[in-house]
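Residues: numbered from 1 along the sequence shown.
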Amino acid sequence: QVQLVESGGGLVQAGGSLRLSCAASGRTFSTYVMAWFRQAPGKEREFVATISRTNSITYYAESVKGRFSISRDNAKNTVYLQMNSLKPEDTGVYYCAAGSSSPVSMIDRRYDYWGQGTQVTVSA
């Protein structure tokens, strides 16, 4: 069992930056593939970024490639999402997820554990 708690969301102007964190409980964090998803109002949840167990593989949605960066610190049981050059269309609730699909996955149903989400709002 893994519990995930996101933090770092907030209100930012377009062009600004935010860094999201997701702290995981338990001793097996390093065995999980981690990912970030987001859900905008009235829209379905969508994939944002994923990272393999050992930091060796990352993959991004086309809409965030070059602006967002996912990383993890297995010693701290934490995964991060650095978001730069934010746009109003990045607004939504951002969710951290943990799963066992190797090496990475963009499919939400392959993730077993989810955080409660953190709100990101980007003003024009």
How are the rings of Tyr95 and Trp114 set to each other: parallel, tilted or perpendicular (split at 30° and 60°)?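 Judged by the thresholds at 30° and 60°, the geometry between Tyr95 and Trp114 is perpendicular.
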According to salt bridge (Lys or Arg N to Asp or Glu O under 4.0 Å), who are the partners of [X], at least two apart in sequence or on a separate chain?
{"X": "Arg72", "answer": "none"}
{"X": "Lys65", "answer": "Glu62"}
{"X": "Glu44", "answer": "none"}

Within the 4.5 Å heavy-atom criterion, are Val79 and Leu81 side-chain neighbours or not?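 Val79 vs Leu81: side chains apart.
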Would you check if Trp36 and Ile70 make a side-chain contact, meaning some heavy-atom pair closer than 4.5 Å?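 Yes. Closest side-chain heavy atoms under 4.5 Å.
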Using residues 14-24 as the side-chain source, report each donor-acceptor pair under 3.5 Å to any protein atom, sequence neighbours left out, with the distance given to one decimal.
unit_1	atom_1	unit_2	atom_2	d
Ser17	OG	Asn84	OD1	2.9

Using modelled atom types and a 3.5 Å cut-off, is there a donor and acceptor pairing between side-chain atoms of Gln116 and backbone atoms of Val5?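 Answer holds: no.
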Any donor-acceptor pair under 3.5 Å from Thr118 side chain to Gly9 backbone: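 Yes, the answer is positive, given that a donor and an acceptor are paired below the 3.5 Å cut-off.
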Testing the basics here: between Asn55 and Ile51, what is the closest heavy-atom pair and its distance to 0.1 Å?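 What the structure gives for the nearest pair is OD1-CD1, 2.8 Å.
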If you round to the nearest 0.5 Å, how far is CE of Met34 from CG of Asn74?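 CE of Met34 is found 9.5 Å from CG of Asn74.
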Glu6 side, atom CD; Cys96 side, atom SG - distance, nearest 0.5 Å: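 Taking CD in Glu6 and SG in Cys96, the distance rounds to 5.5 Å.
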Report whether [X] and [Y] are members of the same hydrophobic cluster (ILVMFWY, side-chain heavy atoms less than 4.5 Å apart, transitive linking).
{"X": "Val33", "Y": "Tyr80", "value": "no"}
{"X": "Tyr111", "Y": "Leu4", "value": "no"}
{"X": "Tyr94", "Y": "Val122", "value": "yes"}

Where at least one partner belongs to residues 43-67, residue pairs that pass ring pair (Phe, Tyr, Trp, His ring centres under 6.0 Å), sequence neighbours excluded: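 Sorted result for residues 43-67: Phe37-Phe47.
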Show me the pairs that pass ring pair (Phe, Tyr, Trp, His ring centres under 6.0 Å) and involve residues 2-35, at least two apart or across chains.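 Non-adjacent pairs meeting ring pair (Phe, Tyr, Trp, His ring centres under 6.0 Å): Tyr32-Tyr113.
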Crowded around Gln3 CD? As in, over 12 foreign heavy atoms under 6.0 Å?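 Open.
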Could you note down all residue pairs passing disulfide (SG to SG under 2.5 Å) where residues 38-73 supplies at least one of them, sequence neighbours left out?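 For residues 38-73: none.
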Set of residues satisfying side-chain hydrogen bond (donor to acceptor under 3.5 Å, both in side chains) with respect to Thr54, sequence neighbours excluded: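 side-chain hydrogen bond (donor to acceptor under 3.5 Å, both in side chains) check on Thr54 returns Ser56.
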Please enumerate all residues that pass side-chain hydrogen bond (donor to acceptor under 3.5 Å, both in side chains) together with Arg45, with sequence neighbours excluded.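 Listed in chain order: Asp108.
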Going by salt bridge (Lys or Arg N to Asp or Glu O under 4.0 Å), name the pairs with one or both residues in residues 85-96, residues two or more places apart or in two chains.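 For residues 85-96, and leaving out neighbouring residues, the salt bridge (Lys or Arg N to Asp or Glu O under 4.0 Å) pairs sorted by first residue read Arg38-Asp90, Arg67-Asp90.
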Apply side-chain contact (heavy atoms from CB on, under 4.5 Å) to Gln119 and list each qualifying residue two or more places apart in sequence or on a separate chain.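 Thr91, Val93, Thr121.
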In a table with atom names and distances, give each donor-acceptor pair under 3.5 Å that connects a side chain of residues 97-106 to protein atoms at least two apart or in another chain.
unit_1	atom_1	unit_2	atom_2	d
Ser102	OG	Arg53	NH1	3.2
Ser105	OG	Ile107	N	3.1

